[in-house]
Protein chains: 2
Amino acid sequence: MTLLEKTSASLDPVTEDRSMAIRDTLRNAIIDRRLAPGTKLSETEVGALFDVSRTVARAALQMLTFEGLVKTERNRGAFVSHPTPEEARQIFASRRLIEPGIVTAAVERITPDDIDRFREQLVEEERYINERGPAARRAEIKASGDFHLMLASVAGNAILQRFMDELVARSSLVIALYGRSGVSSCGHSEHFAILDLIERGDAKRAADLMLHHIDHIEADLDLQLKQGVALKDALATG
Amino acid sequence: MTLLEKTSASLDPVTEDRSMAIRDTLRNAIIDRRLAPGTKLSETEVGALFDVSRTVARAALQMLTFEGLVKTERNRGAFVSHPTPEEARQIFASRRLIEPGIVTAAVERITPDDIDRFREQLVEEERYINERGPAARRAEIKASGDFHLMLASVAGNAILQRFMDELVARSSLVIALYGRSGVSSCGHSEHFAILDLIERGDAKRAADLMLHHIDHIEADLDLQLKQGVALKDALATG
DNA sequence: TCTGTGCAAATTGTATGCAATCTGAAGGTG
DNA sequence: CACCTTCAGATTGCATACAATTTGCACAGA
């Protein structure tokens, strides 16, 4: 809770919903791991950080709760979500349903301009991969997710885009918790390959590759349920 | 706003979130058209109706806003959503992506008990179809949506279930606004056919039929954009 | 009569105060 | 020494008060 950039704390004064801005800042902090799963987000503390009342802070936390990035327990408070392996599987199962369709839609709507932006994005992603240090790792996870979100944006369906916003954000949490290699290294080249197929208009293969890509991301996770049933196991065997 | 059942206004006192209960009641009222699209939902009024403060009422309205059932304009208030034809198309496009996958998952997980429940549900649906009057029409729309929600529940993916909750609710709004025949009459028999295929374990055909079913529902709508660009058109041609 | 300005009522946005609930620790008891 | 009880501190749940904004109407002027 101490690592939030100061810059993002200076919110546009009255222009728009302040709770929305706070949500965005917290959201970013969560998905690139500056706020670890389990971290408590107290209303008072969040309010103080952004210089707003608990009312506004509370609204921001409510939004994050709806997105599944935060879990609130009645009379106990809000905590950064700590997805179980089962939740992780459901997240990726959902992505397997939605993302091939998004790729298909993107093939029909993508413009040369879009493709340029994608290439820039992928170059940036590559840069982070080659850098060292935790900051670069965070940026890499973020950039990797952004590729999927850009695709959703190009697909032109606002509802699916919102679903993907949620799924990608929660995926970041899952990768942070269960990832073996931090970020699967094959992911980046697959992004390139998917973009190529989209550019060539090969919707079928692009969608197929996306499916494999999601499989690869999930395969890089260690989803043995060490958590969740931990208590039950401990009681049974100990 | 005067047609809410009194029974649902008597909420379990402290057991659970009161705002959640209010949300559910309003949600039901919206999806079966007791609250028409465009209806203003003022915080004070909602609060008075359920005998809570504006704080709680506001939280309920926020939840509905996240679900897309309510649109809030800053400093103006909350209104029951009035989906545009474009939004309607996106809703059904999303369902086309998700629901075949749900059917596939359901085939693998459905139990004989589940099937019994589905048959009961379909019988009830049929009863409403044969009844006359607006109350029966509302119940019919609700029951039709419930079939899809039960399927999502059986599929066992909480995230997809939540997405479907939202999509089905918004679909009800769309059907209310743009439906030609109220509810497409072929829908019910298709529900039966889908359930049969699922029972027989024919995932492929069941998923295919679901796809057609969604197409049929959408085909029964009149999505010429009489609304939405009306202003722009008026300015351009008039 | 039509148009533009200004005010007043109503509604939302936000802060804050009080009550209810939970947590953790201290202290007493077997 | 372990365990249970009790209580204080802290945090959330909710209500209410005040500020900011919008809207519609009244009224003056052309």
Side-chain angles (χ1 to χ4, degrees), chain A residues 1-2 9-26 35 37-82 231 235 238, chain B residues 1-2 8-26 35-82 231:
Chain A
M1 180 48 53
T2 59
S10 68
L11 315 164
D12 228 333
V14 194
T15 313
E16 249 200 88
D17 253 333
R18 290 191 283 174
S19 55
M20 201 81 92
I22 294 174
R23 178 199 79 134
D24 289 341
T25 304
L26 288 178
L35 288 172
T39 305
K40 167 134 199 208
L41 303 172
S42 102
E43 298 175 357
T44 315
E45 198 176 358
V46 171
L49 255 171
F50 292 92
D51 200 43
V52 295
S53 77
R54 275 180 51 217
T55 308
V56 178
R58 188 186 179 85
L61 292 173
Q62 273 183 309
M63 296 192 228
L64 291 167
T65 300
F66 286 126
E67 287 183 280
L69 288 181
V70 157
K71 277 234 179 334
T72 61
E73 298 169 40
R74 185 173 175 94
N75 283 320
R76 293 214 348 106
F79 305 83
V80 178
S81 282
H82 192 306
L231 175 65
L235 292 177
Chain B
M1 178 50 56
T2 59
S8 44
S10 69
L11 315 164
D12 227 334
V14 193
T15 312
E16 249 200 88
D17 253 331
R18 290 190 282 173
S19 55
M20 201 81 92
I22 294 174
R23 176 198 81 131
D24 289 341
T25 304
L26 288 178
L35 288 172
T39 306
K40 167 137 201 206
L41 302 172
S42 102
E43 298 177 356
T44 314
E45 197 176 0
V46 171
L49 255 172
F50 293 92
D51 199 43
V52 295
S53 77
R54 274 181 53 216
T55 308
V56 178
R58 188 185 179 84
L61 292 174
Q62 272 184 305
M63 296 191 229
L64 291 166
T65 300
F66 284 125
E67 287 184 278
L69 288 181
V70 157
K71 279 234 178 331
T72 61
E73 299 170 38
R74 183 171 176 97
N75 282 319
R76 293 217 346 107
F79 305 82
V80 178
S81 282
H82 192 305
L231 175 65

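Throughout, a chain's letter reflects where its sequence line sits, starting with A, and its residues are numbered from 1. This is a predicted model, so every value here is computed, not measured.
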What residues in residues 55-63 of chain B put a non-hydrogen atom under 4.0 Å from any atom of DNA chain D?
-> B:T55, B:V56
Provide, to the nearest angstrom, the distance between the CZ atom belonging to A:F50 and the C1' atom belonging to C:dT14.
-> 17 Å
Pairwise 5' ranking along DNA chain D for B:S53 and B:N75, keeping only the more 5' one = B:S53
Side chain of B:S81, backbone of B:G68: donor and acceptor closer than 3.5 Å?
-> yes
Quick one: A:E43 CD to D:dA10 P, roughly how many Å, whole number?
-> 16 Å
In whole angstroms, how far is the P atom of D:dA10 from the CD atom of A:E45?
-> 14 Å
Beyond-backbone contact of A:L41 with A:L35, side-chain heavy atoms, under 4.5 angstrom | yes
When rounded to whole Å, the CD1 to C1' distance for the pair A:I22 and C:dT14 reads 12 Å
Separation between CG (A:L26) and CZ (A:F50), nearest 0.5 Å, reads 4.5 Å
Might you point out which heavy atoms bring B:A60 and B:S19 nearest each other, and give the distance in Å?
-> CB-O, 3.5 Å
Taking CG from A:D17 and P from C:dG13, how many angstroms apart are they, rounded to a whole number?
-> 7 Å
side-chain N/O A:R18 vs C:dT14 OP1/OP2, d < 4.0 Å = yes
When rounded to the nearest 0.5 angstrom, what distance separates CG in B:D17 from CE in B:M63?
-> 6.0 Å
Between the side-chain atoms of B:R54 and the base atoms of C:dG13, is any donor-acceptor pair under 3.5 Å?
-> yes
In terms of heavy-atom contacts, A:D51 and A:R18 come closest through O-NH1, 4.5 Å
State which of D:dT12, D:dT23, D:dC14 makes the closest approach to the side chain of B:R76.
-> D:dT23
Closest nucleotide among C:dT14, D:dC14, D:dT23 to the A:R74 side chain = D:dC14
Smallest separation among heavy atoms of B:E45 and B:K40, with atom names | OE1-O, 4.4 Å
Nearest nucleotide by nearest heavy atom, which residue falls closer to the 5' end of DNA chain C, A:D51 or B:G77?
-> B:G77
